[in-house]
S.K.: 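Quick one: the structure is below, questions incoming.
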Amino acid sequence: MWSNCEQRLGPTECYHFRCVCQMDFVYSERVKQCVHRYTPEGREVVLPQDTGATCYFNECSGKFTVCSDSKCLCIPGFIYLAGQGTYGGCQRDPNLFPPDQQWSQSDDLHRWQEQQQQQQQQYQQSTTPSPEKSQSSCSRHPKCSGLAGDCCPNELGLSLACCNK
C-alpha cells in the first residue's frame with residue numbers, strides 16, 4: 001500500500017492501492033506474474049480478438065471493434081495488434097480469410113465506416129435485430145467456433161474461410 005509493487009509480479013504499476021499489469025501485459029495464473037500479451041503465456045490468457053479495452057460505460061472506440069460481455073473485441077476475422085502495422089489496433093487475420101480474396105486496409109476502413117452508418121440508421125428506425133444477423137453468426141458454423149459475432153459474412157460483408165460453402 002505504501003510502496004511499489006513487488007518485482008516478482010512482473011511489469012506492474014500501483015493503481016488505487018492495487019498492483020495492476022502495465023499496458024499490453026496480462027496476469028498469468030500459471031506463472032503468477034504479468035506477461036506480455038504476445039508471449040506464449042500471454043496468449044493462453046488473452047483472445048487474439050481482445051483489444052484490452054472495456055465497454056462498461058462507453059461504446060468501443062477502435063475501428064473494427066464490437067462490444068461483447070463488456071469487452072471491446074475485434075470483429076470476427078480481425079485480430080488485435082498493439083501498435084503493429086499501419087495503424088495498430090484490429091487488423092485482418094490472414095489465417096481466417098480465403099487466400100484468393102483481394103483486399104486492402106483502406107477498403108476495410110471504407111466498409112467499416114459504411115457499416116457503422118448503416119447500423120446507426122437501422123437503430124434509429126427500429127430497435128429489433130434483423131433475422132439475417134443470426135444466420136451469419138459464427139456459432140452457426142462449426143469451423144468458426146470460438147469466434148464471437150458474425151462470420152458468414154462478418155460486419156464488413158466478408159465471409160471467413162471457416163464458413164460452410
Side-chain angles (χ1 to χ4, degrees), residues 11 20-28 34-124 127-165:
V20 295
C21 297
Q22 291 178 359
M23 181 81 150
D24 289 328
F25 286 81
V26 293
Y27 187 77
S28 169
C34 295
V35 294
H36 196 276
R37 68 182 289 140
Y38 296 128
T39 62
E41 294 84 5
R43 288 189 173 123
E44 292 173 4
V45 178
V46 179
L47 293 172
Q49 287 179 280
D50 193 345
T51 65
T54 61
C55 44
Y56 290 112
F57 304 109
N58 297 315
E59 292 182 21
C60 300
S61 61
K63 295 178 182 87
F64 314 117
T65 58
V66 64
C67 183
S68 178
D69 294 328
S70 300
K71 289 183 177 182
C72 293
L73 302 178
C74 298
I75 62 173
F78 285 67
I79 55 175
Y80 182 73
L81 299 172
Q84 299 177 18
T86 305
Y87 55 85
C90 295
Q91 296 184 30
R92 261 190 204 217
D93 183 349
N95 301 316
L96 293 178
F97 282 92
D100 60 338
Q101 192 174 56
Q102 298 293 315
W103 63 278
S104 72
Q105 288 182 344
S106 61
D107 289 341
D108 285 344
L109 184 56
H110 178 72
R111 287 180 180 173
W112 174 253
Q113 290 168 338
E114 282 183 345
Q115 186 267 341
Q116 293 296 304
Q117 290 172 349
Q118 287 173 357
Q119 256 188 355
Q120 197 171 30
Q121 289 170 353
Q122 287 174 354
Y123 180 76
Q124 290 170 351
T127 56
T128 56
S130 69
E132 295 173 34
K133 284 284 188 190
S134 62
Q135 296 297 321
S136 59
S137 173
C138 298
S139 62
R140 294 183 59 95
H141 303 271
K143 292 181 182 176
C144 297
S145 65
L147 296 174
D150 294 333
C151 291
C152 308
N154 69 4
E155 283 84 349
L156 298 179
L158 304 171
S159 289
L160 306 185
C162 59
C163 298
N164 298 337
K165 299 290 178 188

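By convention here, the first residue in the shown sequence is residue 1.
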S.K.: In Å, rounded to the nearest 0.5 Å, how long is the span from CD1 of I75 to NZ of K63?
M.R.: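 The distance works out to 13.0 Å.
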
S.K.: Rounded to the nearest 0.5 Å, how far apart are SG of C151 and NZ of K143?
M.R.: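 C151 SG to K143 NZ: 13.5 Å, rounded to 0.5 Å.
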
S.K.: Tell me whether N154 contacts the main-chain N or O of P76 through its side chain, where contact means a donor paired with an acceptor under 3.5 Å.
M.R.: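 Answer holds: yes.
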
S.K.: Can you name the residues that form a side chain to side chain contact (heavy atoms under 4.5 Å, CB included) with Q22, not counting sequence neighbours?
M.R.: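 Q22 satisfies side chain to side chain contact (heavy atoms under 4.5 Å, CB included) with P11, E13, F25 only.
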
S.K.: How would you list, by chain and number, every residue that makes a side-chain hydrogen bond (donor to acceptor under 3.5 Å, both in side chains) with S139, sequence neighbours excluded?
M.R.: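 In terms of side-chain hydrogen bond (donor to acceptor under 3.5 Å, both in side chains), with neighbours along the sequence ignored, S139 is linked to S137.
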
S.K.: State the OG1-CD distance between T65 and Q49, to the nearest 0.5 angstrom.
M.R.: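 So the OG1 of T65 and the CD of Q49 are separated by 11.5 Å.
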
S.K.: Does a side-chain heavy-atom distance below 4.5 Å link C90 with T51?
M.R.: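 When only atoms from C-beta onward are counted, T51 and C90 do touch, with a gap below 4.5 Å.
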
S.K.: Is there side-chain contact between F64 and C74, with heavy atoms separated by less than 4.5 Å?
M.R.: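 They are not in side-chain contact.
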
S.K.: Between C162 and C144, is the SG gap short of 2.5 Å?
M.R.: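 Disulfide present: SG-SG distance under 2.5 Å.
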
S.K.: Taking only residues two or more places apart in sequence or in another chain, which ones pass side chain to side chain contact (heavy atoms under 4.5 Å, CB included) with T39?
M.R.: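 Scan of T39 (side chain to side chain contact (heavy atoms under 4.5 Å, CB included), adjacent residues dropped) gives V35, H36, E41.
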
S.K.: State which residues pass ring-ring contact (aromatic ring centres under 6.0 Å, His included) with Y27; sequence neighbours excluded, sorted by chain then number.
M.R.: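 With sequence neighbours excluded, Y27 shows a ring-ring contact (aromatic ring centres under 6.0 Å, His included) to no residue whatsoever.
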
S.K.: Inspect cysteines C55 and C60 and report if their side-chain SG atoms are under 2.5 angstrom from one another.
M.R.: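 Taking the criterion (SG atoms under 2.5 Å apart), C60 and C55 fail it, so no.
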
S.K.: Pairs of donor and acceptor atoms involving the side chains of residues 66-73, under 3.5 Å and at least two apart or interchain, shall be tabulated with distances.
M.R.:
none

S.K.: Do C21 and C34 have their SG atoms less than 2.5 Å apart?
M.R.: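 Yes, the SG atoms sit under 2.5 Å apart.
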
